[in-house]
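One structure is given below, encoded as structure tokens.
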Amino acid sequence: MPVIDMPLEELYTYQGRNPKPADFDEYWERALAELDAIEADVKDEEAAFQFPFASCRHLTFTGVRGARIHVQAVIPHQPPAGSEKLPAVLEFHGYGMNAGDWTTKAALAAAGHAVFSMDIRGQGGLSEDAGGVSGNTLQGHITRGMQDGEDELLFRHIFLDTVQLARLVMARDDIDEINVSVTGWSQGGALTIACAALEPRVRRAAPVYPFLSDYLRVWEMDLDVEAYQDVRRYFRRFDPTHNGRDAFFERLGYIDIQHLADRIQAPVLMGTGLIDPVCPPSTQFAAYNKITSEKEIVLYPDFAHEALPGMRDRIFTFLTAT
């Protein structure tokens, strides 16, 4: 079996390298309290594209710090047989991308599941980022807000966007609030873990090769060159002699999904390629090993950060199971 990281038996026991801040729980309690005070001001408009079996909608809501968040919503005309309301799936996309084409939601919608695909603020979709922080905002989101304090980290706000979307979907009259699941790949996998951790009512979670985990490990492996290049750019621009290295990684610990993973109550199905140089397997296992709910990981020994054959079918079956 190819190995770019550590042997498989070590992966299953690895607990991560990036430090967890001492006030981590208080930090997220404070963040959720801020979210509680937000007036969402939801807008709902019909999309130009439509399915014969479902309505395609553009939803927008106000997130923390005033950002307007856009969501593609596909609402089936009928729930699955035997159900009075619609089950729902929240989808989160990869780093810098967008919610994608409407047709990528067709299978779930045809099975009677409402699909809500969120455009991440400041990335490739229609969401509007409120901005207003100093330092590096042009290229990288991982370190955005780093110089302004942990409460200003952009991914704090993005994690809260996922929770807010889950709450808004669960509150809808047409949705079964106890049957709302989450899924996504890479950045979407990270947001899947964050959402399921911070909104305990999530029914099932299906992350694939999750991003935003164990930053220090990525840096020590010298793999902060692709998705994690924001880390290297930060040091080159703001701390070229690494005088603030320890404080930097401790602050990133607030938005490290491995430290949220033990909050998840939902069953988890995860997919991982064992030669992934973008999100190294050990960083993914750092999060997976901390999940205490029912869980399964599907390993692809010869695959990297790419399409994983059969994984989407597994996720469909997992999310639509009764």
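Quick note: residue numbers are just sequence positions, from 1.
- Taking the six-membered ring for Trp and thresholds of 30 and 60 degrees, H242 and F235 have ring planes inclined between 30 and 60 degrees apart.
- With ring centers used as reference points, Y215 lies 6.0 Å or more from F248.
- The minimum heavy-atom distance between F24 and G253, with the atom names listed, is CE1-O, 3.4 Å.
- Closest approach of S282 and M221 over heavy atoms only: OG-SD, 4.1 Å.
- A distance-only check finds a donor-acceptor pair linking the side chain of D239 to the backbone of G244 [under 3.5 Å].
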Considering only distance and modelled atom types, tabulate donor-acceptor pairs under 3.5 Å from the side chains of residues 307-322, sequence neighbours left out.
unit_1: T317; atom_1: OG1; unit_2: D313; atom_2: O; d: 3.1
unit_1: T320; atom_1: OG1; unit_2: F316; atom_2: O; d: 2.7

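- Annotation: L32, atom CG; neighbour count of heavy atoms from other residues, nucleotides and ligands within 6.0 Å is above 12.
- Residues F159 and C195 fail the side-chain proximity criterion, which asks for heavy atoms closer than 4.5 Å.
- Side chain of T192 to backbone of P207: no donor-acceptor contact under 3.5 angstrom is found.
- Aromatic rings of W219 and F249 (six-membered ring for Trp) have centroids within the 6.0 Å cut-off, being under it.
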- Is there a ring-ring contact (aromatic ring centres under 6.0 Å, His included) between F92 and W185 once you walk through the steps? CA-CA 7 Å; F92 306 115; W185 296 48; over 10 Å; no

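- Residues L260 and L269 fall into different hydrophobic clusters, defined by Ile, Leu, Val, Met, Phe, Trp and Tyr side chains chained together at heavy-atom separations under 4.5 Å.
- The CG atom of N98 sits 6.0 Å away from the NE2 atom of H93 when rounded to the nearest 0.5 Å.
- Heavy-atom contacts from other residues, nucleotides or ligands closer than 6.0 Å to CD of E84 number 12 or fewer.
- Of all the heavy atoms in L59 and D44, the pair that sits closest is CD2-CG, 3.4 Å.
- For the atom pair OG (S293) and CD1 (I264), the distance works out to 6.0 Å, reported to the nearest 0.5 Å.
- Both F155 and L216 belong to a common hydrophobic cluster when Ile, Leu, Val, Met, Phe, Trp and Tyr are linked at side-chain heavy-atom distances under 4.5 angstrom.
- From H157, atom NE2 reaches atom CG of L153 across 7.5 Å, with rounding to the nearest 0.5 Å.
- Using modelled atom types, one finds no donor on one side chain facing an acceptor on the other under 3.5 Å when comparing Q258 with S213.
- The hydrophobic clustering, which links ILVMFWY residues whose side-chain heavy atoms are closer than 4.5 Å, places I297 and L212 together.
- Checking side-chain atoms of D129 against main-chain N and O of R121 turns up no donor-acceptor pair under 3.5 Å.
- Shown are V115, I75, V180, V169; of these, the side chain to side chain contact (heavy atoms under 4.5 Å, CB included) with L86 is made only by I75.
- Without hydrogens or angle criteria, S127 side chain to H70 main chain gives a donor-acceptor distance under 3.5 Å.
- At least one side-chain heavy atom of H77 sits under 4.5 Å from a side-chain heavy atom of S55.
- Transitive grouping of hydrophobic side chains (ILVMFWY, heavy atoms separated by less than 4.5 Å) brings L191 and L252 into a common cluster.
- The backbone N or O of P281 sits nowhere less than 3.5 Å from a side-chain atom of D276 that would complete a donor-acceptor pair.
- Q229 places a side-chain N or O within donor-acceptor distance of the main-chain N or O of E226, the cut-off being under 3.5 Å.
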- Task: May I have the step-by-step check of side chain to side chain donor-acceptor pair (under 3.5 Å) for S186 and H305, ending in yes or no?
- Result: CA-CA 8 Å; S186 194; H305 208 75; 2.9 Å; yes

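- Q164 places no side-chain N or O within 3.5 Å of a backbone atom of A40 that could act as its donor or acceptor partner.
- Annotation: cation-pi pair K43/F61 absent, no NZ/CZ under 6.0 Å from the ring centroid and within 45° of its normal.
- Checked by atom type, the side-chain pair Q147/E152 shows no donor-acceptor distance below 3.5 Å.
- Panel note: side chain Y209, backbone G271; no donor-acceptor pair is recorded below 3.5 Å.
- Aromatic rings of Y254 and Y27 (six-membered ring for Trp) have centroids within the 6.0 Å cut-off, being under it.
- A side-chain donor-acceptor contact under 3.5 Å links N243 and T241.
- With rounding to the nearest 0.5 Å, the separation of CG in L274 from CZ in F285 is 6.5 Å.
- The distance from atom NZ of K290 to atom CD of Q15, rounded to the nearest 0.5 Å, is 4.5 Å.
- No donor-acceptor pair under 3.5 Å is formed between the side chain of E177 and the backbone N or O of A171.
- In this model, no donor atom of one side chain and acceptor atom of the other lie less than 3.5 Å apart for Q72 and S117.
- Looking at I175 and K85, their side chains never come closer than 4.5 Å, going by heavy atoms from C-beta outward.
- Salt-bridge formation is not detected for the pair D119/R68: no Lys NZ or Arg NE/NH1/NH2 atom is positioned less than 4.0 Å from an Asp or Glu carboxylate oxygen.
- Residue R17 places its CZ atom among 12 or fewer non-hydrogen atoms of other residues, nucleotides or ligands, all under 6.0 Å distant.
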- Please test E34 against R156 for side-chain contact (heavy atoms from CB on, under 4.5 Å), starting from the C-alpha separation and ending with a verdict. CA-CA 11 Å; E34 179 180 340; R156 169 195 184 270; 2.7 Å; yes

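- Residues satisfying the salt bridge (Lys or Arg N to Asp or Glu O under 4.0 Å) criterion with K20, sequence neighbours excluded, are absent altogether.
- Linking ILVMFWY side-chain heavy atoms closer than 4.5 Å, directly or via other members, places M97 and L165 in two distinct hydrophobic clusters.
- D151 contributes atom CG, which lies 6.5 Å from atom CZ of R65 (distance to the nearest 0.5 angstrom).
- In summary, the side chains of Y95 and D230 do present a donor paired with an acceptor at a separation below 3.5 Å, with no hydrogens or angles considered.
- Remark: E45 CD is loosely packed, at most 12 non-hydrogen atoms of other residues, nucleotides or ligands lying under 6.0 Å away.
- Put simply, the side chain of I291 reaches to within 4.5 Å of the side chain of K295, judged on heavy atoms.
- For CE of M170, the number of neighbouring non-hydrogen atoms (other residues, nucleotides, ligands) closer than 6.0 Å is greater than 12.
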